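Okay, so here's the structure we're looking at.
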Amino acid sequence: MKIMIVDDSKMARLFTRKCVEMVMPDAEIEFIDACDGEDAFKQLEKMPVDLILCDVNMPVMTGFTFIRNIKTNAPLASIPVVFITSMANTARTDNLIQLGAVEVILKPVKPQKIKSVLEKIGIIGNKADSDSDDWGA
Amino acid sequence: MQKSNYKEAIDKVFVDVIQEMAFMDVVPFEDEVKDFSNTISFKINILMPCIGDVIITIPEKEAAKIATDLKLSEHGSHLDDILGEIINVLVGRIFSEIAPSCLFELGLPRKVDIETLDRTKMVQQNFLTTSELNLSLFHHYHKFETN
């Protein structure tokens with residue numbers, strides 16, 4: 001499985017990756033990092049992925065422009081996009097869902113939230129063997 | 001939301017975010033703080049629904065401790081990246097708390113020199129770490145409208 005993490009902060013990308021690894025300890029996952037929407041889009045044109053975990057507030061190309069580009073590009077349009085952002089109030093969440101996001105997670109990301117989203121979109125089963133409650137304490 | 005409630009909401013978000021991201025316990029601190037020597041500051045602009053700025057000031061010693069504790073340097077993440085992400089999350093969470101139904105836009109975080117900024121119109125909220133060092137949050141807004 002290939003998961004792309006799009007965020008201009010290395011710290012945020014690392015936190016997200018650690019969370020995914022915590023909830024899918026046995027999965028063979030190739031993580032692809034991108035530092036903004038433009039970087040992500042260029043990489044995706046060469047190599048599609050199974051899931052995109054994406055920030056909103058980034059330089060060069062924001063998450064808004066990125067998802068609009070993804071959803072109007074036929075080969076990429078079906079890739080699920082989950083936003084992980086500090087800008088996740090109800091108004092912004094509704095806005096991102098309308099643009100085609102499958103879920104919006106409030107930063108800082110936590111394993112339990114990642115787990116429930118991965119279950120929701122069917123990447124892991126509901127009875128996935130993971131115990132992530134002690135991470136980051 | 002009334003002005004006093006904004007302060008309480010910001011206090012709560014600040015304490016939560018610093019704990020969740022830096023694993024550091026802080027408490028709101030009412031005494032006046034004027035000495036910002038040996039501190040690092042990051043600023044983020046608010047672009048919508050109001051115009052404003054938020055600045056976080058943190059002692060260099062505590063900032064270094066956060067970077068060491070998180071072991072992020074081993075993965076190529078540096079202090080500026082860490083503090084920039086913390087203020088980004090902090091301000092996003094503040095807006096999500098005080099204006100849940102309001103679309104908002106933030107600028108990108110950047111490092112600033114707190115001593116050279118005009119802080120006369122800014123609200124200052126202070127927080128104390130368990131090492132009794134001070135973290136400060138400065139903020140000011142105008143044209144604020146919630147929908």
Side-chain angles (χ1 to χ4, degrees), chain A residues 5-21 31 33-38 54-65 83-99 104-114 132-137, chain B residues 1 9 13-14 16-25 42 44-49 54 63 66-67 69-110 145-147:
Chain A
I5 302 174
V6 191
D7 200 306
D8 55 319
S9 165
K10 286 181 182 174
M11 176 196 193
R13 293 201 301 266
L14 185 63
F15 266 45
T16 301
R17 179 178 177 151
K18 292 281 182 192
C19 286
V20 175
E21 288 174 340
F31 290 97
D33 278 5
C35 60
D36 58 61
E38 186 176 284
C54 186
D55 188 20
V56 172
N57 194 23
M58 297 179 287
V60 186
M61 185 190 286
T62 67
F64 299 113
T65 309
F83 280 102
I84 300 175
T85 175
S86 61
M87 299 162 66
N89 65 358
T90 44
R92 183 59 74 202
T93 298
D94 290 348
N95 182 220
L96 291 168
I97 297 290
Q98 281 172 5
L99 289 171
V104 182
I105 299 175
L106 183 65
K107 280 186 176 180
V109 64
K110 293 176 181 172
Q112 211 50 43
K113 189 64 191 173
I114 286 277
S132 52
D133 290 343
D134 60 346
W135 187 82
Chain B
M1 190 179 282
V13 171
F14 191 97
D16 288 350
V17 168
I18 295 298
Q19 212 292 320
E20 289 170 22
M21 295 190 74
F23 308 119
M24 181 187 289
D25 292 322
F42 273 76
I44 200 163
N45 298 119
I46 300 155
L47 308 174
M48 190 181 86
V54 182
I66 292 170
D69 289 353
L70 293 177
K71 298 180 180 173
L72 293 173
S73 59
E74 296 168 15
H75 302 275
S77 183
H78 301 294
L79 194 54
D80 286 6
D81 176 56
I82 295 165
L83 295 179
E85 180 64 6
I86 286 175
I87 192 170
N88 180 46
V89 171
L90 187 61
V91 179
R93 290 270 294 265
I94 287 170
F95 266 89
S96 297
E97 185 75 22
I98 66 176
S101 60
C102 190
L103 283 175
F104 62 95
E105 295 280 353
L106 304 177
L108 295 170
R110 64 182 189 278
E145 293 173 11
T146 56
N147 52 19

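In the text below, chain A, chain B and the rest are named by the order of the sequence lines, each starting its count at 1. Every value quoted in this text rests on a predicted model; they were computed, and no experiment measured them.
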If only atom types and distance count, is the side chain of [X] paired as donor or acceptor with the main-chain N or O of [Y] below 3.5 Å?
X        : Y         : answer
Asn89(A) : Glu97(B)  : no
Arg92(A) : Phe104(B) : yes
Thr90(A) : Pro100(B) : yes

Original post:
Contact part of Asn57(A) toward chain B, heavy-atom cut-off under 4.5 Å: side chain, backbone, both or neither?
Top reply: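 Contact with chain B involves both backbone and side-chain atoms of Asn57(A).
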Original post:
Going through the checks in order, is the side-chain contact (heavy atoms from CB on, under 4.5 Å) test met by Met11(A) and His78(B)?
Top reply: CA-CA 8 Å; Met11(A) 176 196 193; His78(B) 301 294; over 6 Å; no
Subject >> Single hit among Met21(B), Glu85(B), Glu20(B) for side-chain contact (heavy atoms from CB on, under 4.5 Å) with Lys107(A) >> reply: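 For Lys107(A), the side-chain contact (heavy atoms from CB on, under 4.5 Å) test succeeds with only one of Met21(B), Glu85(B), Glu20(B), which is Glu85(B).
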Measure the spacing between [atom1] of [X] and [atom2] of [Y] and express it to the nearest 0.5 Å.
X        : Y        : atom1 : atom2 : answer
Asn88(B) : Asp8(A)  : CG    : CG    : 7.5 Å
Ile82(B) : Ser9(A)  : CD1   : OG    : 8.0 Å
Ser86(A) : Ile86(B) : OG    : CD1   : 12.5 Å

**OP:** Output all residues satisfying side-chain contact (heavy atoms from CB on, under 4.5 Å) with Thr16(A), sequence neighbours left out; order by chain, then residue number.
**Re:**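 Thr16(A) satisfies side-chain contact (heavy atoms from CB on, under 4.5 Å) with Ile5(A), Leu53(A), Ile84(A), Val109(A) only.
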**OP:** Can you sort out the partners of Asp25(B) under salt bridge (charged side-chain N to carboxylate O under 4.0 Å, His left out), two or more places apart, ordered by chain and number?
**Re:**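 None.
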